[in-house]
Amino acid sequence: MLQIGFIRQNADFVKERIATKYFTDVNSVDTIIALDEEVRKLKVETETIQAAVNLASKEIGMLMAKGEKDAAEIKKQEVAQQKSSQQNLTTQLSNAEKQLHDELVKLPNLPHSSVPKGKTPEENEVVKEAGIKPTLSATAVPHWELIKKYDLVDFEIGAKLTGSGFPLFKGKGAKLQRALIHYFLDYNTAAGYTEYLPPLMVNEASAYGTGQLPDKEGQMYHVTEDGLYLIPTAEVPITNIYRDEIIKEESLPIKMTAYSACFRREAGSFGSDVRGLNRVHQFDKVEVVQLVHPITSYQVHQQMVDHIEGLLIALELPYRILRLCGGDMSFASALTYDFEVYSAAQQKWLEVSSVSNFETFQTNRMKIRFKGEDGKTQLVHSLNGSSLALPRIMACLLENNQTDDGIALPKVLHTYFGSNVIS
RNA sequence: AGAGAGGUGUCCGAGUGGUUGAAGGAGCACGCCUGGAAAGUGUGUAUACUGAAAGGUAUCGAGGGUUCGAAUCCCUUCCUCUCUGCCA
């Protein structure tokens with residue numbers, strides 16, 4: 001959520017920036033400013049009356065103490081009149097506040113100045129492409145065939161147990177997942193991230209804090225009986241750890257990593273995009289989150305990109321880094337880099353990580369602040385990135401490394417997996 | 001899941017209707033004292049909104065109610081602890 005004070009002072013800038021995200025209703029900025037003015041005006045009015053009421057109440061207290069009952073009664077009647085005139089204002093105020101909040105929550109974050117212009121994924125800017133795309137033999141097959149061949153994942157039984165999109169990992173497939181999670185967490189903690197293992201369900205306040213609510217309600221599984229949501233990413237519980245906290249400045253940056261299962265309803269997907277492990281309702285992911293001092297956030301963002309790039313290099317996968325254009329960025333992000341790996345048999349790029357700087361968009365909702373040297377509290381910046389999403393990594397590892405003798409695993413996984421090859 | 005107890009500032013802890021944003025203590029910060037430190041001592045020590053400022057408003061888990069006035073009374077709800085039950 002954008003800060004109202006900032007909108008008030010930079011209305012034109014806000015409109016201009018929002019437009020690059022192809023947010024449809026730029027006029028809502030004007031609505032917000034008008035509502036904000038109304039709210040503040042009504043606040044002053046009601047608070048003035050309240051101040052008078054409070055003062056009178058104290059006077060009544062003193063009169064009662066002195067035993068001057070009659071004088072107290074007269075005061076009481078005065079207060080009663082003031083209160084009746086206040087009631088109407090209070091109703092107006094709470095209505096206006098609610099409207100203001102509803103509008104404010106619908107505004108997306110403002111894209112950073114380096115965000116490329118564009119509306120569709122095709123207009124994302126390729127910042128870097130590296131690694132070697134393998135030349136596969138004529139007999140090479142996509143990962144869903146390899147999965148069958150080596151009996152790594154059973155989609156049919158997953159569907160039997162739960163439904164489509166809930167893969168059942170099995171044998172070496174399950175072990176490869178474990179090896180990857182283990183390796184990713186080790187890599188992150190070695191870089192100074194503290195490891196967490198979070199709850200897989202969160203309450204409404206947490207889902208709201210990171211921006212899943214109210215914007216993306218339909219994308220989460222909702223346990224209505226208990227008012228809980230299955231997490232779409234560990235980002236949600238992990239970032240919310242510091243909700244409503246004031247952090248000591250010297251504790252910044254706070255670096256956290258977590259493995260979790262992720263649940264996404266992903267309504268409306270279809271076609272070859274959803275084959276095999278390309279898109280599923282439940283998947284494993286390791287996430288990194290940082291809470292940082294505002295002046296360092298873009299530097300940290302770049303460090304996180306480098307950090308995640310290191311994983312892909314270690315996994316020996318061909319990858320590319322995209323700077324997302326305004327139209328393809330998420331609601332809450334100010335700047336996002338996506339990582340994609342090249343899936344050689346499918347001959348397509350698959351997104352495996354998204355590294356974003358949210359600036360104060362999330363922390364304003366969560367009220368995550370620090371107290372600076374000047375004694376003023378201000379919001380920290382939050383950032384996060386996947387490191388990494390497992391299914392597509394697995395798909396690429398299988399497809400790109402397939403040989404007649406099995407799947408040759410990258411060196412870094414040998415110890416974790418306990419073997420050099422899946423055969 | 002049932003029974004009971006409780007949630008107050010950074011922490012401990014007092015407070016059952018009237019200048020209580022909140023006693024007292026600890027911690028922390030700054031100063032004095034000291035050769036230096038400890039001890040001692042003085043001052044300060046929440047957050048948000050609003051206002052140029054003075055100030056004002058709100059906040060004692062959360063939400064609602066009673067009252068001229070609520071940390072204190074009532075209702076709802078969340079959480080923690082103890083006991084019982086159940087269970088990986």
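A, B, ... follow the sequence lines: proteins, then strands. Residue 1 opens every chain.
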Work out how far the P atom of G61(B) is from that of A54(B), and round it to whole angstrom.
30 Å
For I246(A) and G9(B), what is the distance between atoms CD1 and P respectively, to the nearest whole Å?
13 Å
If the C1' atom of G13(B) is compared with that of G25(B), how far apart are they to the nearest Å?
8 Å
Do the side chains of E145(A) and K148(A) get close enough for a salt bridge, i.e. N-O under 4.0 angstrom?
no
Look up atom CG in L398(A) and atom CD1 in I393(A), then write down how far apart they are to the nearest 0.5 Å.
11.0 Å
Taking atom CE of M304(A) and atom OG of S297(A), what is their separation to the nearest 0.5 Å?
11.0 Å
Rounded at 0.5 Å granularity, tell me how far CD in E287(A) sits from CD1 in I238(A).
9.0 Å
Are E340(A) and R392(A) side-chain neighbours, meaning at least one heavy-atom pair lies under 4.5 Å?
no
Can you tell me how far CG of N203(A) sits from CG of L213(A), rounded to the nearest 0.5 angstrom?
10.0 Å
Rounded to whole Å, the NZ-P distance (K248(A) to U47(B)) equals 13 Å
According to a 3.5 Å limit on both distances, what stems of 3 or more consecutive Watson-Crick or G-U pairs are formed with RNA chain B?
B:1-7 with B:78-84, B:10-12 with B:24-26, B:27-32 with B:40-45, B:46-50 with B:55-59, B:61-65 with B:73-77
Roughly, in whole Å, what's the span from CG in N203(A) to C1' in A62(B)?
13 Å
Protein-nucleotides 66-68 of chain B N/O pairs closer than 3.5 Å?
from	atom 1	to	atom 2	distance (Å)
C68(B)	O2'	S57(A)	OG	2.9

Span that lies between the P atom of U43(B) and that of A26(B), in whole angstrom:
14 Å
Between U47(B) atom C1' and F370(A) atom CZ, what is the distance in whole Å?
16 Å
Side-chain heavy atoms of L93(A) within contact of L89(A), under 4.5 Å:
no
P-based separation of A71(B) from U8(B) [nearest Å]:
16 Å
What integer number of Å spans the C1' atoms of U10(B) and C60(B)?
16 Å
Can you confirm if the aromatic rings of Y259(A) and H182(A) lie within a centre distance of less than 6.0 Å?
no
For nucleotides A22(B) and A46(B), find the distance between their C1' atoms and express it as a whole number of Å.
12 Å
Hey, can you tell me if F13(A) and F6(A) have their rings parallel, tilted or perpendicular (30° and 60° cut-offs)?
perpendicular
For E38(A) and U50(B), give me the distance from atom CD to atom P, rounded to whole Å.
16 Å
Quick one, I241(A) and I254(A) - any side-chain contact, counting heavy atoms below 4.5 Å?
no
Can you give one letter per nucleotide of nucleotides 51-61 of chain B, going 5' to 3': B for a protein heavy atom under 4.0 Å from the base, S for sugar-phosphate only, - for none?
S----BSS---
Using atom C1' of each nucleotide, how far apart are G6(B) and U72(B) to the nearest Å?
16 Å
Does the ring centre of F331(A) sit less than 6.0 Å away from the ring centre of F361(A)?
yes
Taking CG from L63(A) and P from U19(B), how many angstroms apart are they, rounded to a whole number?
14 Å
Pick the C1' atom in U34(B) and in G44(B), then give their distance to the nearest Å.
23 Å
Among F358(A), Y298(A), Y337(A), which one satisfies ring-ring contact (aromatic ring centres under 6.0 Å, His included) with H112(A)?
Y298(A)
Distance in angstrom units between D226(A) CG and C79(B) C1', rounded
16 Å
Figure out the CD/P separation between E250(A) and A29(B), and round it to whole Å.
11 Å
